[in-house]
Amino acid sequence: MEKNTPHFLRISGDVPGNKRKEFEQTFKFVFNQLPAECIEHSLSSDVFNGGHYHFFSLWLNAGAMKLFMSSVEFQLLTGAYFTLGEDEKIAYGPMADI
């Protein structure tokens, strides 16, 4: 059952004002490269904490998510946080049934 459970991946971090446009353009580029196993994805800015961004994605299963996490596209996303921002945090795991 665990094999077919959807999994989430979230990357969060702060991006200074002068780097936000380049940061957002990097994500837009990668969004066009995501595989079909990524069933949902978004980039959002925290309205209560200016410059704090969250990338959220939902994957069909753990295998698809782990494959993405070893891809060039994932390195590009984490590199955008590392190069253009700070305080990168990554969280991932199975979605809970409610």
Side-chain angles (χ1 to χ4, degrees):
M1 183 77 167
E2 179 72 25
K3 219 177 191 185
N4 294 322
T5 302
H7 277 59
F8 76 93
L9 168 64
R10 188 189 73 211
I11 309 171
S12 301
D14 298 318
V15 179
N18 63 335
K19 307 272 183 155
R20 291 181 190 157
K21 184 176 181 179
E22 184 179 355
F23 179 81
E24 291 174 7
Q25 287 175 339
T26 301
F27 274 78
K28 286 179 184 178
F29 172 76
V30 173
F31 282 177
N32 292 324
Q33 312 299 318
L34 292 174
E37 292 81 15
C38 179
I39 54 180
E40 186 66 41
H41 62 275
S42 64
L43 178 66
S44 61
S45 179
D46 191 326
V47 295
F48 299 110
N49 186 3
H52 191 77
Y53 284 85
H54 303 281
F55 164 71
F56 180 81
S57 59
L58 187 59
W59 299 85
L60 285 176
N61 54 51
M65 182 192 66
K66 288 178 183 178
L67 188 61
F68 174 72
M69 291 177 74
S70 65
S71 71
V72 172
E73 290 82 4
F74 179 75
Q75 291 175 7
L76 189 57
L77 295 181
T78 56
Y81 275 103
F82 181 77
T83 305
L84 302 170
E86 53 192 45
D87 295 332
E88 167 198 346
K89 293 183 178 89
I90 299 174
Y92 58 90
M95 293 297 289
D97 290 332
I98 297 176

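Sequence positions, counted from 1, serve as the residue numbers for this chain. Nothing here was measured: the structure is a model prediction, and the numbers come from that model. Below, each value reflects all heavy atoms present in this structure, side chains not excepted, and no hydrogens, waters or symmetry copies.
- Between the CZ atom in F56 and the CG atom in L9 there is a gap of 8.5 Å [rounded to 0.5 Å].
- The same ILVMFWY cluster, assembled from side-chain heavy atoms under 4.5 Å apart, contains both L84 and F29.
- Surrounding OH of Y92 are at most 12 heavy atoms belonging to other residues, nucleotides or ligands under 6.0 Å away.
- Residue pairs meeting the side chain to side chain donor-acceptor pair (under 3.5 Å) criterion with at least one member in residues 67-76, sequence neighbours excluded, are S71-E73.
- A perpendicular orientation is assigned to the rings of H54 and H52, their planes being inclined by more than 60° (bins at 30° and 60°).
- The hydrophobic cluster around F48 extends to V47, counting ILVMFWY residues whose side-chain heavy atoms fall within less than 4.5 Å of a member.
- For the atom pair D14 CG and Y81 OH, the distance stands at 9.0 Å (nearest 0.5 Å).
- Heavy atoms only, all atoms of each residue included: M95 and L58 are closest at CG-CD1, 3.4 Å.
- Residues in residues 23-40 take part in these side chain to side chain donor-acceptor pair (under 3.5 Å) pairs, two or more places apart or across chains: E24-Y53.
- By the side-chain contact (heavy atoms from CB on, under 4.5 Å) test, N18 pairs with P16, sequence neighbours left out.
- A pairwise comparison of heavy atoms in N4 and N61 identifies CA-CB, 4.3 Å as the closest pair.
- Heavy atoms only, all atoms of each residue included: R20 and V15 are closest at NE-O, 3.0 Å.
- Contacts of F68 classified as ring pair (Phe, Tyr, Trp, His ring centres under 6.0 Å), with partners at least two apart in sequence or in another chain: W59, F74.
- Taking both residues in full, the closest heavy atoms of G51 and S45 are given as N-OG, 4.5 Å, listed atom of the first, atom of the second, then distance.
- Among residues two or more places apart in sequence or in another chain, the side chain to side chain donor-acceptor pair (under 3.5 Å) test is passed with R10 by S12.
- Annotation: the span from L34 atom CG to F27 atom CZ amounts to 10.0 Å, rounded to 0.5 Å.
- F82 and I11 are assigned to two separate hydrophobic clusters, defined by single-linkage of ILVMFWY side chains at heavy-atom distances under 4.5 Å.
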